[in-house]
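Everything below concerns the one structure shown next.
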Number of protein chains: 2
Amino acid sequence: MANDVSSRLKAVRQLHGLSQRELAKRAGVTNGMISLIEHGRVSPSVASLRKVLDGIPMSLAEFFTMEPGGTPQVFFAATELVELGEGGLSLRLVAAHRPGRRLAILRETYEPGADTGSEMLSHAGEEGGVVVAGRVEVTIAGQTRVLGPGDAYYFASTMPHRFRNRGRERCEIISASSPPSL
Amino acid sequence: MANDVSSRLKAVRQLHGLSQRELAKRAGVTNGMISLIEHGRVSPSVASLRKVLDGIPMSLAEFFTMEPGGTPQVFFAATELVELGEGGLSLRLVAAHRPGRRLAILRETYEPGADTGSEMLSHAGEEGGVVVAGRVEVTIAGQTRVLGPGDAYYFASTMPHRFRNRGRERCEIISASSPPSL
DNA sequence: CGGCATCGTTTAATATCCTAGACACCCCGG
DNA sequence: CCGGGGTGTCTAGGATATTAAACGATGCCG
């Protein structure tokens with residue numbers, strides 16, 4: 001019910017504090033049309049919807065991607081220990097209890113010798129991160145590099161990848177992936 | 001050129017190895033309509049486009065989000081200084097030069113007194129982050145909290161939000177948002 | 001109370017989309 | 001040479017979206 005164009009548009013318009021007429025004027029369409037759309041009495045053409053969203057402004061991608069009034073909660077989120085890894089690898093997931101999220105944000109801690117495993121990881125989506133402390137050896141699609149504090153990485157998760165701490169001090173990374181791989 | 005519905009649909013259809021007629025049959029529309037859309041001679045209604053995409057199948061969000069012909073590269077990414085903020089706020093974006101990414105990963109530094117501004121931010125998508133150093137006052141949809149090292153947050157970006165460093169030391173956050181707000 | 005502003009809704013006429021069906025083309029097998 | 005099956009394109013007419021303008025409801029001020 002909150003997944004169709006009508007509800008989304010109404011939600012988005014009200015969130016930006018615009019009246020039907022005001023939005024219509026900015027978008028260069030009529031107020032009546034906005035009323036009809038928001039009531040689901042018509043299904044606007046993509047061209048019209050784009051014009052309307054330009055008045056907000058918001059892209060079509062944003063519009064269809066956004067979480068419609070669903071349950072957009074506020075979180076001062078806890079980080080939850082997720083698990084695993086052959087010794088010395090610990091992952092803490094931000095907002096783990098929130099299913100349906102678009103993002104997985106992780107605090108990864110690699111003790112000396114920790115390793116994501118000898119067989120390369122590969123999954124859908126994209127991911128990236130920033131090294132906060134220590135050093136880590138990153139291998140992506142055959143290329144290997146050692147990253148230190150302040151260094152960053154970003155890649156399509158379909159590329160085979162592996163992380164190892166070959167140094168002597170603990171390494172910490174903040175990473176994110178979308179869609180969530182955890 | 002590759003940003004309108006016509007090019008996107010054609011790309012997506014061919015990527016799935018479907019002819020206009022075959023897609024039309026699966027979607028329950030006519031082949032002529034698909035031809036018209038792919039030529040930009042009409043701008044389909046959202047309802048029609050949804051029906052067409054159901055035949056792929058693909059959601060509207062995916063359709064408008066996807067990078068047509070994108071080449072997802074591997075990155076040991078540089079962080080690029082983005083700008084701004086009333087004094088003392090600096091943002092470093094990971095893989096800034098990669099358009100069409102699904103994620104924006106930021107290294108945010110708040111000098112004492114730095115502030116995202118008195119008028120609340122609000123946009124599509126979701127975002128979250130982890131505080132790496134210092135303290136920051138976060139206000140989301142009316143609720144205010146002070147977060148320190150190791151604390152995390154996560155929320156729908158449509159909620160009005162604001163970040164301020166009211167302490168005496170520099171604060172650093174690693175954050176991520178999807179779809180990218182920068 | 002009346003007057004004036006805003007709001008969202010509705011209606012008749014017009015512009016646009018969408019369908020059904022024909023058309024032109026190409027390739028392969030008779 | 002003439003079918004048959006595939007492709008994408010085009011046109012006429014019915015279906016639907018969109019406009020322009022009127023309507024009723026609310027709130028505020030004199």
Side-chain angles (χ1 to χ4, degrees), chain A residues 1-64 66 68-70, chain B residues 1-64 66 68-69 119-120 122 158 160:
Chain A
M1 272 308 180
N3 199 17
D4 50 351
V5 174
S6 50
S7 325
R8 288 182 114 89
L9 180 56
K10 186 165 187 174
V12 126
R13 175 177 64 81
Q14 293 180 337
L15 247 156
H16 284 78
L18 299 172
S19 72
Q20 290 184 347
R21 282 186 150 86
E22 198 171 347
L23 174 55
K25 201 173 67 179
R26 297 193 192 197
V29 300
T30 57
N31 54 325
M33 167 178 162
I34 299 208
S35 177
L36 293 174
I37 293 175
E38 290 189 357
H39 273 263
R41 302 171 61 87
V42 302
S43 176
S45 76
V46 172
S48 311
L49 183 56
R50 194 194 306 262
K51 272 194 351 189
V52 170
L53 293 179
D54 281 350
I56 300 234
M58 173 180 267
S59 75
L60 285 163
E62 288 174 290
F63 179 73
F64 285 110
M66 77 165 241
Chain B
M1 267 304 185
N3 200 17
D4 50 351
V5 175
S6 50
S7 325
R8 288 182 114 91
L9 180 56
K10 186 167 189 173
V12 126
R13 175 177 64 80
Q14 294 180 337
L15 217 78
H16 288 249
L18 299 172
S19 72
Q20 290 183 347
R21 282 187 151 85
E22 196 171 350
L23 174 54
K25 201 174 67 181
R26 299 193 191 197
V29 301
T30 57
N31 54 324
M33 167 180 162
I34 301 208
S35 176
L36 292 174
I37 294 174
E38 291 189 358
H39 273 264
R41 300 172 62 86
V42 302
S43 176
S45 76
V46 172
S48 311
L49 183 56
R50 195 194 303 263
K51 271 193 353 189
V52 170
L53 293 179
D54 280 349
I56 301 246
M58 174 179 262
S59 75
L60 284 163
E62 289 175 283
F63 180 75
F64 284 112
M66 76 160 232
E119 70 182 270
M120 306 294 276
S122 173
T158 48

* To do: Please determine which of A:Asp54, A:Val52, A:Leu49 meets the side-chain contact (heavy atoms from CB on, under 4.5 Å) test together with A:Val29.
  => A:Val52
* Structure fact -> Value for CG (A:Leu60) from CG (B:Asp4), rounded to nearest 0.5 Å, stands at 11.5 Å
* To do: Provide the full list of salt bridge (Lys or Arg N to Asp or Glu O under 4.0 Å) pairs with a residue in residues 27-36 of chain B, sequence neighbours left out, each pair given once.
  => none
* To do: Using the test side-chain hydrogen bond (donor to acceptor under 3.5 Å, both in side chains), find all partners of B:Ser59 that sit at least two apart in sequence or belong to another chain.
  => B:Glu62
* Taking Watson-Crick and G-U wobble pairs with both distances under 3.5 Å, convert DNA chain C into its dot-bracket string, 5' to 3', dots for unpaired and | for cross-strand pairs. => ||||||.||||||||||.||||||||||||
* Asked: So do the side chains of B:Arg50 and A:Val5 get within less than 4.5 Å of each other, counting heavy atoms only?
  -> yes
* **Distance, nearest 0.5 Å, that separates OG1 of A:Thr30 from CZ of A:Arg21** => 10.0 Å
* Using a heavy-atom cut-off of 4.0 Å to chain B, what are the terminal contacting nucleotides of DNA chain D, in 5' to 3' order? -> D:dT7 to D:dC10
* Asked: In whole angstroms, how far is the C1' atom of C:dC18 from the CD atom of B:Gln20?
  -> 15 Å
* Structure fact -> Hits for ring-ring contact (aromatic ring centres under 6.0 Å, His included) against B:Phe63, two or more places apart or cross-chain, chain-then-number order -> none
Close N or O pairs between protein and nucleotides 19-27 of chain C (under 3.5 Å):
unit_1, atom_1, unit_2, atom_2, d
C:dT19, OP2, B:Thr30, OG1, 3.0

* For A:Ser19, which contact category applies under a 4.0 Å heavy-atom criterion: base, sugar-phosphate, or nothing? -> sugar-phosphate
* Just checking A:Ser45: base, sugar-phosphate only, or nothing, at a heavy-atom cut-off of under 4.0 Å? -> sugar-phosphate
* Between B:Asn31 and B:Ala24, which heavy-atom pair has the shortest distance, and what is it? -> N-CB, 3.5 Å
* To do: Remember a base hit wins even if backbone is also touched, and classify A:Val42 as base, sugar-phosphate or nothing at under 4.0 Å, heavy atoms.
  => base
For residues 34-43 of chain B, dump all side-chain donor-acceptor pairs below 3.5 Å to protein atoms at least two apart in sequence or in another chain.
unit_1, atom_1, unit_2, atom_2, d
B:Glu38, OE1, B:Arg13, NH2, 3.0
B:Glu38, OE1, B:Gln20, NE2, 3.3
B:Glu38, OE2, B:Arg13, NE, 2.6
B:Glu38, OE2, B:Arg13, NH2, 3.4
B:Ser43, OG, A:Ala47, N, 2.7

* Between A:Ile37 (CD1) and C:dT9 (P), how many Å, whole number? -> 12 Å
* **Rounded interatomic separation in angstrom, taking NZ from A:Lys10 and C1' from C:dG8** => 9 Å
* How would you list, by chain and number, every residue that makes a salt bridge (Lys or Arg N to Asp or Glu O under 4.0 Å) with B:Arg26, sequence neighbours excluded? -> B:Glu22
* Considering residues at least two apart in sequence or located in another chain, which fulfil the side-chain hydrogen bond (donor to acceptor under 3.5 Å, both in side chains) criterion with A:Ser48? -> A:Ser45
